[in-house]
2 protein chains.
Amino acid sequence: MPKRVDHAQRRTEIAEALVQAAGRHGLHAVGMRDVAAEAGVSLRLVQYYFESKEKLLLFGLRHLAGKFGERVTARVSAAGDDPGPRAVIEALLTAALPVDEESRLFHQLFTSYAVLSVTDEALAAQPFITDPDAAESTLTALLHQAADTGLLQADVDVHAEAVGLLAMSAGLGTSVLVGQRDAQSATTVLRYHLDRIFQT
Amino acid sequence: MPKRVDHAQRRTEIAEALVQAAGRHGLHAVGMRDVAAEAGVSLRLVQYYFESKEKLLLFGLRHLAGKFGERVTARVSAAGDDPGPRAVIEALLTAALPVDEESRLFHQLFTSYAVLSVTDEALAAQPFITDPDAAESTLTALLHQAADTGLLQADVDVHAEAVGLLAMSAGLGTSVLVGQRDAQSATTVLRYHLDRIFQT
DNA sequence: ACGTTTGTGGTACGTTCGTATCACAAAGAC
DNA sequence: GTCTTTGTGATACGAACGTACCACAAACGT
């Protein structure tokens, strides 16, 4: 009974199924059949909407990146209307921390994709450079803004802080992911480091 | 012509072959046959010295962790005899950065193992908690030592700095690994952050 | 000297994977 | 009202994977 179908939506549903299945058994272990079962469709349909597994994986990565972007902007705007730079920066940095199941998935799968991209050149061309670069320039701009308003201490190197804080956030996220630390203490550490560069 | 063989050494050789093969095509893509070929032995022998692939992977992880530990202590002692805490800390933090091919491999495979450990409980019991915890307490002790000698600024929270710096080092390592940043600039960022907590 | 252990090769088995093929029904085009 | 496109199912195929099995020779124990 083939009604006309919205390809974009179907692809999104399947990509979401990929994400869920990958979350349970790991991205490396997920196959076309698992994705099909998770999405409640036949193997053939996964093949139909994505010609190959590689295409599926690439789309899954972009899907994940998109959802993550939405999450970050949602977090930032939840910081209130016209929040100070400090609040925005804090929202930005803590958005990457695995505090709930959704962000755990993000972190886990992004890391999986990132490490895959080291040996897979098709993946290497994907958002692993552009997205962090965007985050870096956004954060740099926010810090500059804070510096201009006199909110920052005088001797801070804005760029070095942006790079360092993002790296710290990512590193803390990983340590939370593997269970070494809980999200609460990671947030505390992040806040401490922000306190140290902002004017008291 | 079976001469008596040193099992420990043979296992180490095979584990090293695993590391090399995994570095080329990714840990997820490495099979027993690849390891055998890389080590220049037959598939049967890999089976003989490691009963299963899982055992091989576990041993490979421990092998990697061991080599990394050696590398760190080598780096630290290369900082000179009786170096200041600052030099030791810098050596510690920069040892994790992918500056050469060997450390690139470390970082790539450790990350692979770490993300595997999220969904594989046999791997989760491995050094992903104890090793970073050891690094954390070592770094905390070094910072305390520096604080007691008046080398640190007065208002630094030693534990929060230790956690933050280690996370930053790991995060910077990943960004170097995926090619977003080069090792030089990562080192610069790390040094800047050390400069900010040490007394001028 | 003989029997047992130890190291090694070759190879076969069952499974799973990604992909390809064949068939066919419902919906739109004209 | 045909005819073509579009969506879907079932299934087959070849490759690769981890593992198991069989055979055998060198070394060691006694």
Side-chain angles (χ1 to χ4, degrees), chain A residues 1-61 109 112-113 116 119-123, chain B residues 1-61 109 112-113 116 119-123:
Chain A
M1 48 285 269
K3 283 193 226 163
R4 221 39 167 280
V5 131
D6 182 349
H7 271 227
Q9 179 190 337
R10 198 66 97 113
R11 284 164 64 91
T12 302
E13 288 171 12
I14 296 179
E16 190 59 29
L18 164 68
V19 167
Q20 296 300 324
R24 264 200 304 283
H25 304 106
L27 187 62
H28 69 287
V30 97
M32 306 282 278
R33 288 167 177 83
D34 304 86
V35 175
E38 179 77 28
V41 301
S42 74
L43 167 62
R44 179 67 182 89
L45 279 209
V46 181
Q47 279 189 271
Y48 182 69
Y49 289 101
F50 301 91
E51 299 172 22
S52 68
K53 185 183 185 182
E54 187 181 33
K55 300 255 182 71
L56 170 60
L57 286 178
L58 287 176
F59 187 87
L61 173 56
L109 298 187
S112 299
Y113 273 115
L116 279 188
T119 48
D120 184 323
E121 55 183 37
L123 242 38
Chain B
M1 47 282 271
K3 280 193 228 164
R4 218 42 164 278
V5 133
D6 182 347
H7 272 225
Q9 179 190 336
R10 196 66 93 113
R11 286 164 61 90
T12 301
E13 288 171 11
I14 296 179
E16 190 58 31
L18 164 68
V19 167
Q20 296 300 325
R24 264 201 304 282
H25 304 106
L27 186 62
H28 69 287
V30 159
M32 306 282 277
R33 287 166 176 85
D34 304 86
V35 175
E38 179 77 28
V41 301
S42 73
L43 168 62
R44 179 68 181 88
L45 278 209
V46 180
Q47 281 189 267
Y48 182 70
Y49 289 100
F50 301 92
E51 300 172 22
S52 67
K53 187 184 184 182
E54 185 180 32
K55 299 255 181 71
L56 170 59
L57 285 179
L58 288 175
F59 187 87
L61 173 56
L109 298 187
S112 298
Y113 273 115
L116 279 189
T119 48
D120 184 324
E121 57 183 36
L123 241 38

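Numbered from 1 within each chain, the chains take letters A, B, ... in sequence-line order. Computed over heavy atoms, backbone and side chain alike; hydrogens, waters and symmetry mates excluded.
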Item to check | Note, B/L18 side chain near B/V46 side chain (heavy atom, < 4.5 Å) | outcome: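 No, side chains not in contact.
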Checklist entry - With a 4.5 Å limit on heavy-atom distance, are the side chains of B/L57 and B/V30 in contact? => result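 Sidechains of B/V30 and B/L57: no contact.
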Checklist entry - Is B/H7 near enough to C/dG7 that one of its side-chain N or O atoms lies under 4.0 angstrom from OP1 or OP2? => result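 For C/dG7, OP1 or OP2 has a side-chain N or O of B/H7 closer than 4.0 Å.
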Run the side-chain donor-acceptor check on residues 6-17 of chain A: report pairs under 3.5 Å with partners two or more places apart or on a different chain.
unit_1 : atom_1 : unit_2 : atom_2 : d
A/D6   : OD1    : A/A8   : N      : 3.1
A/D6   : OD1    : A/Q9   : N      : 3.4
A/Q9   : NE2    : A/E13  : OE2    : 2.9
A/R11  : NH1    : A/Y49  : O      : 2.7
A/T12  : OG1    : A/A8   : O      : 2.8
A/E16  : OE1    : A/H63  : NE2    : 2.7
A/E16  : OE1    : A/K67  : NZ     : 3.3
A/E16  : OE2    : A/Q20  : NE2    : 3.2
A/E16  : OE2    : A/K67  : NZ     : 3.3

Sequence neighbours excluded and cut-off under 3.5 Å, please list the side-chain donor-acceptor pairs for residues 31-38 of chain B, or say none.
unit_1 : atom_1 : unit_2 : atom_2 : d
B/D34  : OD1    : B/G31  : N      : 2.9
B/E38  : OE1    : B/R24  : NH2    : 2.3

Next on the checklist: If I compare all heavy atoms of A/L109 with all of A/A22, which pair ends up nearest, and what's the gap?
Outcome noted: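 Heavy atoms of A/L109 and A/A22 come nearest at CD2-CB, 3.7 Å.
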Checklist entry - If every non-hydrogen atom of B/Y113 is compared with every non-hydrogen atom of B/L123, which pair is closest and at what distance? => result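 Scanning both residues completely, I find the closest heavy atoms to be CD2-CD2, 3.9 Å.
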Next on the checklist: Any residue in residues 48-60 of chain B with a heavy atom nearer than 4.0 angstrom to DNA chain C? Just list them by number, or reply none.
Outcome noted: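 Contacts with DNA chain C under 4.0 Å: B/Y48, B/Y49.
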Item to check | Within residues 10-22 of chain A, residues whose heavy atoms come under 4.0 Å of DNA chain C | outcome: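 Heavy-atom cutoff 4.0 Å gives no residues at all.
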Rounded interatomic separation in angstrom, taking [atom1] from [X] and [atom2] from [N]:
X     : N      : atom1 : atom2 : answer
A/L27 : C/dC17 : CG    : P     : 14 Å
A/M32 : C/dA20 : CE    : C1'   : 12 Å
B/D34 : D/dG18 : CG    : C1'   : 12 Å

Checklist entry - How long is the span from the CG atom in A/L27 to the NE2 atom in B/H28, to the nearest 0.5 Å? => result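 Answer rounded to 0.5 Å: 8.5 Å.
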Checklist entry - With sequence neighbours left out, what residues match A/R44 under side chain to side chain contact (heavy atoms under 4.5 Å, CB included)? => result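 For A/R44 the side chain to side chain contact (heavy atoms under 4.5 Å, CB included) partners, ignoring immediate neighbours, are A/S42, A/Q47, A/Y48.
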Checklist entry - How would you list, by chain and number, every residue that makes a side chain to side chain contact (heavy atoms under 4.5 Å, CB included) with A/A122, sequence neighbours excluded? => result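 Side chain to side chain contact (heavy atoms under 4.5 Å, CB included) check on A/A122 returns A/E54, A/D120.
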Next on the checklist: B/E51: which residues meet the salt bridge (charged side-chain N to carboxylate O under 4.0 Å, His left out) condition with it, sequence neighbours left out?
Outcome noted: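 In terms of salt bridge (charged side-chain N to carboxylate O under 4.0 Å, His left out), with neighbours along the sequence ignored, B/E51 is linked to B/K55.
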Report all interatomic pairs (protein N or O, nucleotide N or O of nucleotides 9-13 of chain C) with separations under 3.5 Å.
unit_1 : atom_1 : unit_2 : atom_2 : d
C/dG9  : OP2    : B/S42  : OG     : 2.9
C/dG9  : O6     : B/R44  : NE     : 3.0

